[in-house]
Amino acid sequence: SPPVNHDSYAYVPGSQLLTYFLAWLAGKPGSIPAYRVIQVGYTAVAAFVANLCCRRILLLAWPGLRLTGGWLWNCFCYALLFLAATNTITNRYVHNLHGDALAQLISVTAFYVLLLYVEKRSLALLAAMILLVPAAWFTKQSLLIWGVWYGGFLAVWGHSWKRFAIFAAASTAACGAAVGLCYAVWGQPFIYWTFSLLGHHPVLPLRSFQHVLDTWPYYAAGLLGGVAVLRGTKPGALWGAWLVWLGLIATETYTSGIAWMLNHIGPGCLIATVWFLAGLASVWDHLIESRPAPRMEDWVRVGAVAAAVALMFSGMGLVRIPIRPISGDAYRYAADIEAQFAGLPAQDVLRSEERRVG
């Protein structure tokens, strides 16, 4: 709507449109609970794709590793990645009506496509990377950064300037077409809400640094996991994928300095957990290697690693105390308000509120 109304969303509408479409398919186009179920669905799929990322990293770095094929290990990884995708530090609100859940899914999917390209380098994957850039932008403006990470990867580890040029030209054209289509539908207000408004919010470097301190467990997890996975001689392109994650989470942390919220760092934290689990798997066989008679220091070593990992999970916001975040009075107050409009159509409730306020 026109800027003077001050009633529009400051993000591109991809998440809202897709969520509404899925709710419409389910016959629940006006149901907020249905919308929230869909957000949780995005998050569950994001955890599944993150699990695929973990397996792909291990197949690239340690192809002979036995642990990756076990069902117990994969169940453990998925459960932990789902907790990371809903962690209490950066992903506390992914079940709410915001673009964060879909943005996280798009980011981890983009990272998985990058890992596939490291292995196969097919033209089909290059086309997928090109299409993912405008799709990511249409979900959240900041995700346009995937065009930079893809381009940088292709320039350094792509081994083909022709493919880099094709990617740069095609992704730029696709993003331009997406912006042009949105402008044709919504006009100048679209430019104001999605570009001008957010562009006038300055980044405070000190606040960004505070966010680094707030999310330090994920930085530590990604760094330690990368060191464990990439030790020894590994494909240079896999180093590139690790640097893409590091650049992503650093950029997310810097841009989060616009405000106090940490939700922009959610995708980077999920991918950091991918690297952490991959690193844990790469050293697990060494930790539990069979010996004729385990010595006391072997038990101490395994116990120390297990305790450190458990404490790390707590620092990553994966452990929750089962208590209500707000008092029972808040729930009673909300129920009293809803009881006043029981049985009335939603449009009549809104009109009555407008007359009362007026």
Side-chain angles (χ1 to χ4, degrees), residues 1-24 29-30 35 38-39 42 90 93-94 96-107 109-110 127-152 165-205 207-208 211 247-268 350:
S1 68
V4 67
N5 292 353
H6 202 68
D7 61 355
S8 292
Y9 201 45
Y11 292 98
V12 281
S15 176
Q16 301 93 297
L17 293 175
L18 180 59
T19 301
Y20 179 83
F21 176 70
L22 294 176
W24 176 78
Y35 294 159
I38 293 170
Q39 305 304 309
Y42 294 153
T90 61
Y93 305 111
V94 289
N96 289 338
L97 305 186
H98 196 275
D100 289 332
L102 186 59
Q104 185 168 235
L105 174 57
I106 290 289
S107 288
T109 301
M129 293 163 67
I130 292 171
L131 294 176
L132 272 169
V133 175
W137 169 81
F138 197 57
T139 303
K140 201 172 187 180
Q141 292 96 310
S142 59
L143 295 188
L144 186 63
I145 196 67
W146 275 105
V148 176
W149 303 133
Y150 277 163
I166 291 173
F167 171 82
S171 60
T172 301
C175 288
V179 174
L181 178 61
C182 292
Y183 183 79
V185 174
W186 291 290
Q188 185 59 36
F190 173 81
I191 302 299
Y192 171 79
W193 289 107
T194 59
F195 290 100
S196 302
L197 182 62
L198 292 180
H200 285 83
H201 288 273
V203 174
L204 300 180
R207 184 183 291 159
S208 299
H211 290 175
L248 175 68
I249 193 172
T251 305
E252 290 174 343
T253 306
Y254 174 74
T255 56
S256 72
I258 292 176
W260 57 269
M261 298 86 71
L262 299 173
N263 56 303
H264 291 290
I265 319 175
L350 294 175

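Model, not experiment: these values are computed from the prediction.
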Colleague: In residues 171-190, what donor-acceptor pairs under 3.5 Å come from side-chain atoms, sequence neighbours left out?
Modeller:
unit_1, atom_1, unit_2, atom_2, d
Ser171, OG, Phe167, O, 2.6
Ser171, OG, Ala168, O, 3.4
Thr172, OG1, Ala168, O, 2.7

Colleague: What distance do Asn263 atom CG and Gln104 atom CD have between them, rounded to the nearest 0.5 Å?
Modeller: 10.5 Å
Colleague: Are the side chains of Phe21 and Pro29 in contact, using a 4.5 Å heavy-atom criterion?
Modeller: no
Colleague: Specify the closest pair of heavy atoms between Pro3 and Trp193, including all atoms of both residues, with the distance to one decimal.
Modeller: CA-CZ2, 3.9 Å
Colleague: Is the shortest heavy-atom distance from the side chain of Thr19 to the side chain of Leu22 under 4.5 Å?
Modeller: no
Colleague: Measure the NE2-CG distance between His211 and Leu204 for me, rounded to the nearest 0.5 Å.
Modeller: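 Taking NE2 in His211 and CG in Leu204, the distance rounds to 9.5 Å.
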Colleague: How far does CZ of Phe138 sit from CD1 of Ile106, to the nearest 0.5 angstrom?
Modeller: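 Reported value, rounded in 0.5 Å steps: 11.5 Å.
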Colleague: Give me the atom names and distance for the closest heavy-atom approach of Val12 to Gln141.
Modeller: N-OE1, 3.4 Å
Colleague: Work out which heavy atom in Ser107 is nearest to a heavy atom in Leu143; give both atom names and the distance.
Modeller: OG-CD2, 3.3 Å
Colleague: Quick check: closest heavy atoms across Lys140 and Ala103, and the distance to 0.1 Å?
Modeller: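 Heavy atoms only, the tightest pair is CD-CB, 4.0 Å.
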Colleague: Check ring pair (Phe, Tyr, Trp, His ring centres under 6.0 Å) between Tyr11 and all other residues, then give those that pass, not counting sequence neighbours.
Modeller: Tyr9, His98
Colleague: Would you call Val133 and Leu144 a side-chain contact if the rule is heavy atoms closer than 4.5 Å?
Modeller: yes
Colleague: To the nearest 0.5 Å, what is the distance between CZ on Arg207 and CD1 on Ile258?
Modeller: 9.5 Å
Colleague: Just verifying a value: how many Å separate Thr90 OG1 and Leu262 CG, rounded to the nearest 0.5 Å?
Modeller: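 Reported value, rounded in 0.5 Å steps: 7.0 Å.
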Colleague: Can you see which heavy atom on Ile265 is nearest to which on Ser256, and at what distance?
Modeller: CD1-OG, 3.8 Å
Colleague: Heavy atoms, side chains only, cut-off 4.5 Å: are Ile130 and Tyr150 in contact?
Modeller: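 With C-beta onward as the side chain, the pair stays apart.
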Colleague: Contact between Glu252 and Leu248 at the side-chain level, heavy atoms closer than 4.5 Å - yes or no?
Modeller: yes
Colleague: Check Thr139 against Gly99 and note the closest heavy-atom contact, atom names and distance.
Modeller: CG2-O, 4.4 Å
Colleague: Give, for atom OG1 of Thr251 and atom CH2 of Trp146, the distance between the pair rounded to the nearest 0.5 Å.
Modeller: 10.5 Å
Colleague: For a 4.5 angstrom cut-off between non-hydrogen side-chain atoms, does Tyr93 reach Asp100?
Modeller: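 Answer no - side chains too far apart.
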